Amino acid sequence: MHGTQLDVRAYQTAERLLRHHRKELVFGDRVTPRWLENGARFWYSVSTSKGKRFVLVDVKAGTRQEAFDHERLARALAEASGQSVDAAALPFPSIQPDAEAVEFDAFGEHWRCRLADYTCERTEARTPGNPLEVVSPDGRYAVYRAGHDLRARTLDGTRDWALTSDGTEDRDYAANPDYLMYSTLLGKIGLPHLPPAVAWSPDGKRLLTHLTDQRGVRRTHLLRAAPADGGEPALLSPRYAVAGDEHIPRAEFVVIDVEAGTVTRAQGEPVDMSTMSPIFQKWAWWAADGSAAYYLSRSRDARTLTLHRLDAASGEVSVVLTESGRTRVEPAQQQLQPPAVRVLAGGKEVLWYSQRDGQGHLYLHAAHSGELIVPVTSGTWSVQEILHLDETERVVYFTVAGLVKEDPYRRTVCVANLDGSGFVRLTDDGLDHVVTLAPNAEYFVDSASTTGTAPVTTVRDWAGKVLVELEQADISLLRETGWQAPERFKVRSADGTTDIHGLLYLPHGFDPAGRYPVVDTPYGLPTAPRVSPSFDPGHYGYDAEALAALGFVVIAVDGKGSPGRDKAFHDASYGNLGDACGLADHVAALRELGATRPWMDLDRVGVTGMSSGGYAAVRALLKYPDVFKVGVAESGMHDFRYLEPVLGEAYQGPFDAATYAQLSNAEHADRLQGRLLLVHGGLDDRVPPQVTLRLAERLIAHGKDFDLLLVPDADHIYFGYEHYVTQRRWDFLVRNLLGAEPPADFRLPPVPVDMEALAELFA
């Protein structure tokens, strides 16, 4: 026994603060528009104190109203179906509204409810969308994968035909690499693979896609040790290239004329894509007139970025623009952000994102010659995302980080003329703005918040004027749990010269006279910031809030090496992945914060993280054993020698055996002093379990005491096992850091599958 048993109410509160329970505590914080008439109107569903409501918005009229009378519809549906219907929890996730009625699926049938008299009738369902198909913009065709080839069909059911016939296992059409295409997570939600990686031409007659060349790519091996059907163990062997491999997946672009049945192959070099199709990544797109397609490619060492033009008729490929640098050259600040690159003036000009001046700005170039016409933006701030480019008015709208003094990560909506003049902040309230663009690009939905300010969601025009007020979040029930907004802090980095930012969460029932153990929650890759600037705390943020409910002080830090600020700050991670985005800065932050907060017990500091955060958690224990005493590492990326190539080669540099060995936690296993729990899924095809098992083997070789939890049938994110892994993490930290015993009879229930979220993911 480690001490007295922790009050079960702490675990119960922590459970309520997990992500899937947030809609029970916060109302009106999320608006996901479902567009009608190309954006002229939209509907959304929202949680309120009265339950779930459906709202219809007419932007031109400036109106927001409930899409129907929820109580009357509930009564009508109950009468027509013979089922019990609760108006606060209507049995359907989506609607198809029109002026006279609303349609929906409920109780295994399709219904139409007339709004004049609220009569609900069974009716023939509209053909549901198939998540494995991609529909043309004119709604005439759908394209899908059949084996290793592509087929098309008319949506009226009159024709179904082959588009290709020469696909093979190693060169198949419209496939992502195995890393994504056939993931174990997809199988768990009932999908055999991802939909085809295709982009329809604006007129809906041609497809941009690629042959996916995986010839010679090495395979990894996973054992399905506990099949759900109780059968024999099964071996899974997806292709999985690692750093330094000669053969990695490559994309050979093709243009397919759907009606004529012709295939035009690009007359250019294939594009590397170790994890994701360039079409999925939005690194390939059609010109507005459909005469050509454009795509980005990056050299294996990530130091050269090139924009290509692919002639749709001939297949001829030409270089439009290229940029090289001493370190990685990127088309946006974060790995998964859409490229901030646009081709305009009928292919004569390029709006190009670059960090050449040490920030992240937009530059207008002449196409093909590459000559710089004018810097469009400049200043000690960085463009985050292009929202809308109006070629007629010659203006571009975008979000910027770095204009809010107290938080350099908050995003501001801005506009500038393409000649470099006319820069204006359209939102100048100091809040963080998350923007959703309407399909017709005439307005945007704006969610404004901070980590401590609940979201206000509005519709705005391109002058920044509010057209419709949508929601103001209600967080009163969240506060009743004991939740407090985290403190945003600024401290000095380990070098003593750079400001770094983070969040500090106080334990529930905080008493400044007390002493509390501290848990750090790092993210160890330079691909995305750890700390969200908005009210939505992100994946790690929900975990941090739950840990605070258990009695811990929790911190989150964006150390040097993480993205979202200037290039020098980000480049601190280049050739330095072993620092896991500023672990030295985490130590500096702990010491500076603790110097003025005596209730932070720096003799009891723990660290926990998942994936790259798992790598960082173990790295912290090994590198700073005098600071970090307890760690939990889930799905940890402990050895970049055995992970997919982009992570190492783009962010550490070209593969070198000696250098990459120093990045490996396994090579430093002899340094472990603290208490460590390693967790991994047996079917993790993102970070294969052998990466953690290699570390475990070296810890055993050095006689180190540690705990290992292998979840046999779990994937990288523990889908279906989240509750079990979460409680094991809590129990380990409570026992070894808080010095208490977890409540004996408490068990986290399984996390319910969010079908709406899954449907949105594959929409």
Side-chain angles (χ1 to χ4, degrees), residues 34-40 94 96 98 103 105 110 124-168 171-176 180-181 186 190-212 251-266 276-295 310-315 439-441 759-763:
R34 310 295 185 178
W35 309 109
L36 304 168
E37 303 152 19
N38 196 36
S94 63
Q96 299 164 356
D98 59 40
E103 295 187 30
D105 293 307
H110 191 71
E124 183 177 348
R126 301 181 188 179
T127 303
N130 185 334
L132 298 180
E133 295 183 339
V134 181
V135 177
S136 62
D138 57 10
R140 295 174 60 197
Y141 305 123
V143 63
Y144 63 97
R145 278 172 47 88
H148 305 298
D149 286 292
L150 285 175
R151 294 187 66 87
R153 68 178 185 90
T154 55
L155 291 185
D156 63 10
T158 58
R159 187 183 175 203
D160 189 308
W161 69 103
L163 295 175
T164 68
S165 59
D166 59 337
T168 66
R171 292 181 75 242
D172 53 345
Y173 283 92
N176 274 272
L180 285 182
M181 193 69 188
L186 286 174
L191 292 177
H193 52 74
L194 287 173
V198 299
W200 283 98
S201 61
D203 62 7
K205 295 181 179 179
R206 288 171 295 176
L207 292 167
L208 173 66
T209 185
H210 51 74
L211 270 165
T212 300
E252 303 173 8
F253 283 104
V254 298
V255 174
I256 301 175
D257 189 310
V258 174
E259 295 176 341
T262 58
V263 178
T264 302
R265 304 188 184 279
M276 185 185 299
S277 161
I279 292 175
F280 266 45
Q281 201 173 358
K282 302 186 188 309
W283 279 37
W285 64 93
W286 281 95
D289 63 2
S291 64
Y294 293 91
Y295 63 90
L310 166 59
D311 187 277
S314 67
N440 58 19
E760 186 176 324
L761 180 64
F762 294 104

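These numbers come from the heavy atoms of this one structure, side chains and all, not from hydrogens, waters or symmetry mates. These numbers come from a predicted model, not from an experiment.
- Arg171 places no side-chain N or O within donor-acceptor distance of the main-chain N or O of Thr212, the cut-off being under 3.5 Å.
- Under the side-chain hydrogen bond (donor to acceptor under 3.5 Å, both in side chains) criterion, Thr168 pairs with no residue at all, not counting sequence neighbours.
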Check: Please walk me through it: do Leu211 and Asp172 pass side-chain contact (heavy atoms from CB on, under 4.5 Å)?
Finding: CA-CA 5 Å; Leu211 270 165; Asp172 53 345; 5.8 Å; no
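- For Asp98, the salt bridge (Lys or Arg N to Asp or Glu O under 4.0 Å) partners two or more places apart in sequence, or in a different chain, are Arg112.
- Not counting sequence neighbours, Tyr144 has no partner by the ring-ring contact (aromatic ring centres under 6.0 Å, His included) test.
- Phe253 meets the ring-ring contact (aromatic ring centres under 6.0 Å, His included) test with Tyr295; sequence neighbours excluded.
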Check: When you look at Arg153 and Glu133, which way does the side-chain contact (heavy atoms from CB on, under 4.5 Å) test go after all the steps?
Finding: CA-CA 10 Å; Arg153 68 178 185 90; Glu133 295 183 339; 2.8 Å; yes
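- For the residue pair Leu150 and Ala174, the shortest heavy atom distance occurs at CD2-CB, 3.8 Å.
- From His148, atom NE2 reaches atom OG of Ser165 across 13.0 Å, with rounding to the nearest 0.5 Å.
- Closest approach of Pro195 to Pro131, counting heavy atoms only: CB-O, 3.4 Å.
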Note to self: Please evaluate residues Val255 and Leu207 with respect to the criterion side-chain contact (heavy atoms from CB on, under 4.5 Å), reporting the C-alpha separation (whole Å), side-chain torsions for both, the decisive distance (0.1 Å), and the verdict.
What the structure shows: CA-CA 6 Å; Val255 174; Leu207 292 167; over 6 Å; no
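- A search for side chain to side chain contact (heavy atoms under 4.5 Å, CB included) contacts involving Ser136 returns Asp138, Arg140, Tyr141, Trp200, not counting sequence neighbours.
- Residues satisfying the salt bridge (Lys or Arg N to Asp or Glu O under 4.0 Å) criterion with Glu37, sequence neighbours excluded, are Arg41.
- With sequence neighbours left out, the side chain to side chain contact (heavy atoms under 4.5 Å, CB included) criterion links Asp166 to Asp149, Thr164, Tyr173, Arg265.
- Closest approach of Asp289 and Ala292 over heavy atoms only: OD1-N, 4.4 Å.
- Scored by the salt bridge (Lys or Arg N to Asp or Glu O under 4.0 Å) test, Asp105 finds no partners at all (sequence neighbours excluded).
- Between the side chain of Asp311 and the backbone N or O of Ser314, at least one donor-acceptor pair lies under 3.5 Å.
- Across all their heavy atoms, Pro137 and Ser201 have their closest contact at CG-O, 3.6 Å.
- When side chains are defined from C-beta on, Val198 does not count as touching Leu208, because their heavy atoms never get closer than 4.5 Å.
- Taking the side chain as every heavy atom from C-beta outward, Arg34 and Ser94 never approach each other to under 4.5 Å.
- Side chain of Asn176 to main chain of Ser277: a donor-acceptor pair is present (N/O by atom type, distance under 3.5 Å, no hydrogens or angles).
- Residues Asp203 and Trp286 fail the side-chain proximity criterion, which asks for heavy atoms closer than 4.5 Å.
- Judged as a side chain to side chain contact (heavy atoms under 4.5 Å, CB included), and not counting sequence neighbours, the contacts of Thr262 are Asp257, Ala260.
- Closest non-hydrogen pair, Pro196 versus Arg145, comes out as CB-CG, 4.0 Å.
- Between Glu103 and His110, the side chains place a donor N or O and an acceptor N or O closer than 3.5 Å (distance only, hydrogens not considered).
- For Gln281, there are no side-chain hydrogen bond (donor to acceptor under 3.5 Å, both in side chains) partners two or more places apart in sequence or in a different chain.
- Shown here are the side chain to side chain contact (heavy atoms under 4.5 Å, CB included) partners of Pro439, two or more places apart in sequence or in another chain: Trp35, Asn38.
- Side-chain contact between Val143 and Leu163 is present, with heavy atoms from C-beta onward closer than 4.5 Å.
- Partners of Arg206 according to the salt bridge (Lys or Arg N to Asp or Glu O under 4.0 Å) rule, which considers only residues two or more places apart in sequence or in another chain, do not exist here.
- Residue Leu155 comes nearest to Ala142 through the heavy atom pair CD2-CB, 3.8 Å, listed as atom of the first residue, atom of the second, then distance.
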